Amino acid sequence: MAFGKGCHLHLIDGSAYIFRAYHALPPLTRKSDGLPIGAVSGFCNMLQRYIDGNANGSDAPTHVAVIFDKGSHTFRNDLYDQYKANRDEMPEDLRPQIPLTRRATEAFNIACKEIEGFEADDIMATLACQARDAGGRVTILSSDKDLMQLVGDGVEMLDPMKNRRIDREGVMEKFGVGPERVVDVQALAGDSVDNIPGAPGIGVKTAALLINEFGSLEELLDRAEEIKQPKRRQTLIENRAQIELSKQLVQLDRDMALDFTLDDLEVRDPDPDKLLEFLAEMEFRTLSKRIADALHVEAPVIMDTDPGGTEVEGPADLPFAPETYERIRDMDALQRWIDRINERGYVAFDTETTGLNEMQADLVGISLAVDPGQACYVPLTHRAGGADDLFGSDDLAEGQLPLDDVLAALKPVLEDEAVLKIGQNMKYDAKILARHGVAIAPIDDTMLMSYAMNAGLHGHGMDALAERYLGHTPIPIKELIGSGKSQVTFDRVDIDEAVKYAAEDADITLRLWQRFKPQLHQNQVTTVYETLERPLVPVLAQMEMAGIKVDREVLSRMSNAFAQKMAQLEDEIHELAGEKFNVGSPAQVGEILFEKMGLEGGKKGKTGKYSTPADVLEDLATEHDLPARILDWRQVSKLKSTYTDALQDHIDPDTGRVHTSYVQTGASTGRLASTDPNLQNIPVRTEEGRRIREAFVAEPGKVLLSLDYSQIELRILAHVAGIDALKAAFRDGQDIHAMTASEMFDVPLDEMTPEIRRQAKAINFGVIYGISGFGLARNLRIPRAEAQGFIDRYFERFPGIRAYMDDTVSFAKEHGFVQTLFGRKIHTPEINAKGPGAGFAKRAAINAPIQGTAADVIRRAMVRMPDAIAGLPAKMLLQVHDELLFEVDEDAADKVTEVARDIMEGAAEPAVKLDVPLIVDAGRGGNWAEAH
DNA sequence: CTAATCACG
DNA sequence: GACGTACGTGATTAGC
């Protein structure tokens, strides 16, 4: 039935329903796996009550929809960055229930609508106006006062809890004006819940009085001079802009572009099978029974499972059967999979490629899985001839679909907000797909789930996870492509073999996901996963794809200079030693120094060879030239082989830039790791090394912009250990090392010497690392007893530090993990071990919350950064633990600095309010050396 | 494949 | 009382 006269549209405020349900019910969890489902349960009950109510009433709707908010950033945030800024973050156990409420709505066969970047209120406003214009009636099921502006001319509201209708009179009662002037009153009165500023000192009562007197807000503002009360007059004149902004914020968008029509919202009867299947999945026994009765069908049997006890026989225990995986040969078969995926709402996804470099590797095939044991592989560009054919063939093998056709068919699903794509290390697949114009989203990643739950316990690669959690050893890739010199690329692999391998990966990923998903809550790391891991994937992918421009000429010239210098040093060294030997061999260096020359300090490692680290050679260098020259040679050799030579090989031939890969699960503390190449250890400490950064350049007309947190770990230490003196020093912007030195050595600040300050600095850093007398002594080159004296004195002056360390270690001993301020867990399995390992584990446990919290802070900044700099001519390129590097149009550098600095300095909030300010230093220049 | 060394925060 | 120690990474090279 087309919507028109005589029709009656119901609009249900989905988000309000969810929050009501959440707060009305205790935190119920699904019995089988602990998934929180309280809000879903309440939501379903409310929907059922709503349907029951309509069945008996004479005023039943002809059309109905549940409308949800989608995305946290809307046009209102663009108008006013503080919009809804004081809202608490969504509770951890509610977040995973949000998608389930969408599924619940669909299970009830009620239209479920949301539009990215818009609030439900705007969609409801648009629909209400369309319905009214078509001559129908509208009831909005909500008590939200923001919706009252829509009332009138056949539009009413109904408070579903109090069952009270709100019409024109109701609105008059609430706001003192009619619906058409509600926004004017709201603009003046403001709203603390949504953080609408309004006019200071003016509430609803006064606002209504003024509006009624002048007729409209615009009239009032234009004739503000006529207001009798001087205070009020001044407020309105002074805050005109703020009031006008407030009006824009409260005014609902009644004219949104919708991708559906009123006709799509027609009331439909639920499909009993689908509805009951969903309720059974949620394990809602009572509700299932009640609904089954109402629909006159049999209620499903919901098994009692035994949480935490023996594993319940389930699909995850299905044996792996590689020969049952499907090989996709035609578009019909592919379409059947796409249909299944759409029905399901999720799919495990994996790509096979010709290499590990996402910028260069070519797509070879795609695998999909929707149920354990149900997986397929779509071969795309396998070559004819196979792996045994020495010469290979560039012709495509038979029985494959054209890559473009397959991607065109899959693209809508891969980009569908309603279909979750599950992967293991999805950043890789996302980058491959991005090169084919597919922006995969939303995603879940089993590697990141494992990392959020089990950092510090074990690795998070697919093979390790399959072994550990599924008791299954995946087919080794080496069986297909070989290893070493005879290794081939995946496109040379026989397709039938590839099916078994590739589809198995998707199958494993799906099974891991089914296992991990509910465990996130049980481990209380849902927020960590949802805010620090999952949203970082697209951010890192963008940074990696952007890359940084590296000037090959600069590197090449430096390499030549280094080669000359090495040859020269080598001659000197051989001369001094009296014989030729390999300077690059620590064993040979040890022989020469400690046996031939008979120098002191030679220690042998477990291999029986002399050890010759830099600090030992430095000690010897005060007396002898040879160790000094060897140190010089090593420095040059390092710079050449690791940097000036190796970096040139990493310049991408297509982009002329270097594209690193970040390993999100690389460090147990939450830090990122950078590989191929590692751009997080480019030299900076020595002048000679720092010059390598001159090769990292901005494009013409642009600059590199470096923003780094100042002393972030020490600031976090001051906060978590609660050291008032340190906190005060940071708040006052003092020199923290000088202040520490002054406190410890009783030297007034104005008499501070660089040497005393240097020692205090070493102690401050030592504390972060879990200080020991031995370590400090070695670092400062002072007797161990003296170092211990420093430490004792430090603990005496800052007793909170010792308490923090003791508390952290005992927490680790009791729980087996430590935590960051943002809830990240770092497991410490060795903490209760005896022997030499105990000391390591203790210091790691002390360091992890500090290093990890700093890592969380910059991750939060990175997640927010793309939105913050959207529209600015700027790209975020690199992260170096406490630094972010951007490439920016020269004339936008000031603006970007301001925006990015705000994001970084405010990154802890609102989740954590630090007792110390976070300060970000900025620099810029044509190359990285100038910017840093 | 591992140990030694050294680059970074 | 002795033991062995700063925290977190990755790349390169030598040498088995």
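Computed from a predicted model, the values in this text were never measured in an experiment. Letters A, B, ... mirror the listed sequences (proteins, then strands); counts begin at 1.
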Q: Report which part of the nucleic acid E883(A) touches: base, sugar-phosphate, or nothing (heavy-atom distance under 4.0 Å, all strands).
A: nothing
Q) Among the nucleotides dG9(B), dT9(C), dG15(C), which one has an atom lying closest to any side-chain atom of S668(A)? A) dT9(C)
(Q) Taking only side-chain N and O atoms of R843(A), does any of them lie within less than 4.0 angstrom of OP1 or OP2 on dT5(C)? (A) no
Q: Indicate, with a heavy-atom threshold strictly under 4.0 Å, whether A646(A) touches base, sugar-phosphate, or nothing.
A: sugar-phosphate
Q: Decide if the gap between the ring center of Y794(A) and the ring center of F798(A) is smaller than 6.0 angstrom.
A: yes
Q: Just call it for I850(A): base, sugar-phosphate, or nothing, with non-hydrogen atoms closer than 4.0 Å on any strand.
A: nothing
Q: Would you kindly give the CG-to-C1' distance between N681(A) and dC6(B), to the nearest whole Å?
A: 9 Å
Q.
Taking only side-chain N and O atoms of T612(A), does any of them lie within less than 4.0 angstrom of OP1 or OP2 on dT5(B)?
A. yes
Q: Applying side-chain contact (heavy atoms from CB on, under 4.5 Å) between M447(A) and each of E533(A), M462(A), K427(A), Q424(A), report the one that passes.
A: Q424(A)
Q.
Please classify the nucleic acid contact of R690(A) as base, sugar-phosphate, or nothing, using heavy-atom distances under 4.0 Å.
A. nothing
Q. For dG9(B), does either OP1 or OP2 sit under 4.0 Å from a side-chain N or O belonging to R671(A)?
A. no
**Q.** Value in whole Å for how far the C1' atom of dT5(B) lies from NZ of K609(A)
**A.** 16 Å
(Q) Under 4.0 Å, heavy atoms only, any strand: does V684(A) hit a base, just the sugar-phosphate, or nothing? (A) sugar-phosphate
(Q) Can you see if the side chain of T642(A) gets near the phosphate of dG10(C) - specifically, an N or O under 4.0 Å from OP1 or OP2? (A) no
Q.
Quick check on side-chain contact (heavy atoms from CB on, under 4.5 Å): which of R864(A), Q879(A), M876(A) does V539(A) satisfy it with?
A. M876(A)
(Q) Less than 4.0 angstrom between a side-chain N/O of Q851(A) and OP1 or OP2 of dT9(C), yes or no? (A) no
Q. On a whole-Å scale, what distance lies between the C1' atoms belonging to dC6(B) and dC3(C)?
A. 27 Å
Q. Hey, is the side chain of S611(A) poking within less than 4.0 Å of OP1 or OP2 on dT5(B), counting only N and O atoms?
A. yes
Q. Under 4.0 Å: is that the gap between some side-chain N or O of R685(A) and OP1 or OP2 of dA7(B)?
A. no
Q: Would you mind telling me which residue lines up with the more 5' stretch of DNA chain C, S674(A) or N847(A), judged by nearest nucleotide?
A: N847(A)
